[in-house]
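I have placed the structure first, in the form of structure tokens, so that the comments after it can refer back to it.
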Amino acid sequence: MIEWSPEKIKGFQKALLNWYDQNKRDLPWRVDHDPYHVWISEIMLQQTQVQTVIPYYQRFMKLFPTVGQLAKADESVLLKAWEGLGYYSRARHLQTAARQIVTDYGGQWPQTIDGLKSLSGVGPYTAGAIASIAFNQPVPAVDGNAFRVFSRLFKIDADIAKPQTRHLFEKVIQNVISRDRPGDFNQAIMDLGASYMSAKNPDTVHSPVKQFDQAYLDGEEDKYPVKSKKKRPVQVNYFGLIIHSSKGFLFEQRPSDGILSHFLMFPLIKADELDNQKRSVQKISSDEIIDTIFQSWVSTYQLQLIDLAFVDSQKVSHTFTHQKWQITLLEATLPSNSDLSYFPGKWVPQDQFSTIAFSKVQSKMWAAYQQKIPKTN
DNA sequence: TAATCGTGGGT
DNA sequence: TACCCAAGATT
């Protein structure tokens with residue numbers, strides 16, 4: 001890693017902020033520096049592209065214009081507004097934090113890094129972003145853009161995939177951030193990282209700070225940032241049960257932890273658990289699958305599925321960050337007066353589907369069941 | 001610490 | 001396809 005003189009730091013700040021003043025992106029959360037606006041946008045933007053967030057942000061602000069209204073909102077309405085954004089715990093943390101602000105902080109925003117980090121779902125990056133943008137504090141906001149930009153400027157070869165590395169970047173940024181315009185400085189880095197200094201096909205030759213980009217000057221920008229590779233998703237096979245009655249379709253409430261926690265979905269059964277119930281390592285036949293599911297539901301939920309059969313369609317496939325699901329659909333009916341006391345779910349009439357937040361994979365199952373055509377992502 | 005948590009877009 | 005990336009936080 002290289003060092004910069006005070007003169008070089010001043011020159012960098014000037015070049016960066018001059019460029020930002022002329023070329024900053026016109027984004028809906030940049031109309032002011034309201035901490036509520038900054039906060040909502042930063043949470044939505046976590047691991048999510050700007051163009052995806054824009055319509056969600058605009059709808060969100062119409063639904064929940066203030067932190068107080070977010071605090072007292074129905075969680076089902078909130079999750080419906082978040083539908084499709086993913087990482088749904090962000091939405092739950094959002095409301096938890098809104099209630100923290102209203103109750104713990106008397107409606108007044110904490111303005112320190114530690115105070116902001118005490119809010120649910122607000123970590124080091126988001127706290128830095130709010131503190132600098134909304135409260136004009138000279139603190140770093142180390143996101144993926146900052147990692148990429150500063151690793152190239154300073155030729156930092158620390159692995160940005162390791163949590164510890166953030167501290168190193170915070171020290172570097174603390175030394176070069178504009179004391180006069182910290183919020184604009186951090187946002188300028190983000191705009192730079194999203195344009196001339198993007199991850200793929202960077203256009204450094206036209207970058208406003210190319211003369212400060214040591215990796216570029218040395219012809220080594222393709223070496224930065226250093227980032228270790230992620231593991232590939234593991235495949236998990238499921239059977240998905242489309243169960244209907246005159247009351248609608250049977251939805252199962254997923255557990256409070258793990259992927260898609262709390263979501264209502266068509267009941268899913270892990271294929272290997274079904275195999276275990278048969279105490280067999282070998283794959284079981286179609287008849288045995290139906291028989292085993294039927295008996296499992298009788299013993300577990302005291303529910304008797306009628307006409308349980310495979311849906312004549314391709315498997316539903318969906319890939320998450322760490323899991324690849326392959327779902328084989330089955331269909332059954334259940335008497336509408338069935339006792340659901342032992343079942344963690346409820347009947348949902350079809351005309352109420354639009355009021356419930358569907359995960360992407362749930363939407364795929366429903367589409368496959370309705371259309372009986374192949375569905376993949 | 002390393003693993004986990006969704007989805008859409010691009011190559 | 002398979003893989004990577006996108007304004008990260010939590011446990």
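A quick note: this is a predicted structure, and the numbers were derived from the prediction, not measured. Below, chain A is the first sequence line, B the second, and so on; all start at residue 1.
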By the 4.0 Å heavy-atom rule, please label [X] as base, sugar-phosphate, or nothing.
{"X": "Lys117(A)", "result": "nothing"}
{"X": "Gln323(A)", "result": "sugar-phosphate"}
{"X": "Ala199(A)", "result": "sugar-phosphate"}
{"X": "Val122(A)", "result": "sugar-phosphate"}

Rounded distance (Å) that lies between atom [atom2] of [N] and atom [atom1] of [X]:
{"X": "His322(A)", "N": "dA2(C)", "atom1": "NE2", "atom2": "P", "answer": "18 Å"}
{"X": "Trp82(A)", "N": "dC5(B)", "atom1": "CH2", "atom2": "C1'", "answer": "13 Å"}
{"X": "Leu192(A)", "N": "dA7(C)", "atom1": "CG", "atom2": "P", "answer": "12 Å"}
{"X": "Met197(A)", "N": "dC5(C)", "atom1": "CE", "atom2": "P", "answer": "15 Å"}
{"X": "Arg92(A)", "N": "dA9(C)", "atom1": "CZ", "atom2": "C1'", "answer": "15 Å"}
{"X": "Arg148(A)", "N": "dC5(C)", "atom1": "CZ", "atom2": "C1'", "answer": "9 Å"}
{"X": "Asp257(A)", "N": "dT10(C)", "atom1": "CG", "atom2": "C1'", "answer": "13 Å"}
{"X": "Ile43(A)", "N": "dA9(C)", "atom1": "CD1", "atom2": "P", "answer": "7 Å"}

* Over all heavy atoms of both residues, which pair between Asn186(A) and Pro140(A) is shortest? Give the atoms and the distance, please. => ND2-C, 4.2 Å
* Can you name the nearest heavy-atom pair linking Ile189(A) to Ala146(A), along with the distance? -> CG2-CA, 3.9 Å
Can you see if the side chain of [X] gets near the phosphate of [N] - specifically, an N or O under 4.0 Å from OP1 or OP2?
{"X": "Arg232(A)", "N": "dA2(C)", "answer": "no"}
{"X": "Lys324(A)", "N": "dA2(C)", "answer": "yes"}
{"X": "Thr126(A)", "N": "dA9(C)", "answer": "yes"}

* **Within the 6.0 Å centroid threshold, strictly below: Trp366(A) and Phe353(A)** => yes
* Would you please indicate yes or no on a ring centroid separation below 6.0 angstrom for Tyr36(A) and Trp109(A)? => no
* His93(A) or Leu45(A), whichever maps to the more 5' nucleotide of DNA chain C -> Leu45(A)
* Position toward the 5' end of DNA chain C (nearest nucleotide), Gly121(A) or Asn145(A) ->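 Nearest nucleotide further toward 5': that of Asn145(A).
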* If the plane angle is over 60° it's perpendicular, under 30° parallel, otherwise tilted; pick one for Phe320(A) and Trp325(A). =>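 Ring orientation of Phe320(A) relative to Trp325(A): perpendicular.
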* To do: Please list residues of residues 24-41 of chain A whose heavy atoms come under 4.0 Å from any atom in DNA chain C, ordered by number; otherwise none.
  =>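 Residues of residues 24-41 of chain A under 4.0 Å from DNA chain C: Arg25(A), Leu27(A), Trp29(A), Arg30(A).
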* **Sorted by number, the residues of residues 131-139 of chain A with heavy-atom contact under 4.0 Å to DNA chain C** => none
* Does any non-hydrogen side-chain atom of Tyr369(A) lie less than 4.5 Å from one of Val316(A)? ->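 Of all side-chain heavy-atom pairs linking Tyr369(A) with Val316(A), none is under 4.5 Å.
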* Asked: Does the pair Asp218(A)/Arg152(A) count as a salt bridge with the N-to-O cut at 4.0 Å?
  -> no
* Asked: Is it true that Asp191(A) and Arg25(A) have a side-chain N and a carboxylate O under 4.0 angstrom from each other?
  -> yes
Whole-Å [atom1] distance, [N] and [M]:
{"N": "dG8(B)", "M": "dA9(C)", "atom1": "P", "value": "22 Å"}
{"N": "dA7(C)", "M": "dT11(B)", "atom1": "C1'", "value": "23 Å"}
{"N": "dC4(C)", "M": "dA3(B)", "atom1": "P", "value": "15 Å"}

* To do: Give a yes-or-no answer on whether the side chains of Glu42(A) and Tyr125(A) include a donor-acceptor pair shorter than 3.5 Å.
  => yes
* Asked: So, Thr292(A) versus Gln295(A): side-chain donor-acceptor pair below 3.5 Å or not?
  ->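 The criterion, which ignores hydrogens and geometry beyond distance, is not satisfied for Gln295(A) and Thr292(A).
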* Can you tell me which residue pairs pass the ring pair (Phe, Tyr, Trp, His ring centres under 6.0 Å) test with a partner in residues 48-69 of chain A, sequence neighbours excluded? => Trp29(A)-Tyr57(A), Phe60(A)-Phe64(A)
* Quick one: which residue pairs count as a ring pair (Phe, Tyr, Trp, His ring centres under 6.0 Å) with a foot in residues 159-188 of chain A, not counting sequence neighbours? => Phe147(A)-Phe169(A)
* Mark up nucleotides 6-11 of chain B, 5' to 3', with B wherever a protein heavy atom is under 4.0 angstrom from a base atom, S wherever such an atom reaches only the sugar-phosphate, and - elsewhere. => BBSSB-
Under 3.5 Å, sequence neighbours excluded: what are the donor-acceptor pairs made by side chains of residues 76-83 of chain A?
unit_1: Lys80(A); atom_1: NZ; unit_2: Glu83(A); atom_2: OE1; d: 3.1
unit_1: Lys80(A); atom_1: NZ; unit_2: Glu83(A); atom_2: OE2; d: 3.1
unit_1: Lys80(A); atom_1: NZ; unit_2: Ser354(A); atom_2: O; d: 3.0
unit_1: Lys80(A); atom_1: NZ; unit_2: Ile356(A); atom_2: O; d: 3.0
unit_1: Trp82(A); atom_1: NE1; unit_2: Gly86(A); atom_2: O; d: 3.0
unit_1: Glu83(A); atom_1: OE2; unit_2: Phe358(A); atom_2: N; d: 2.6

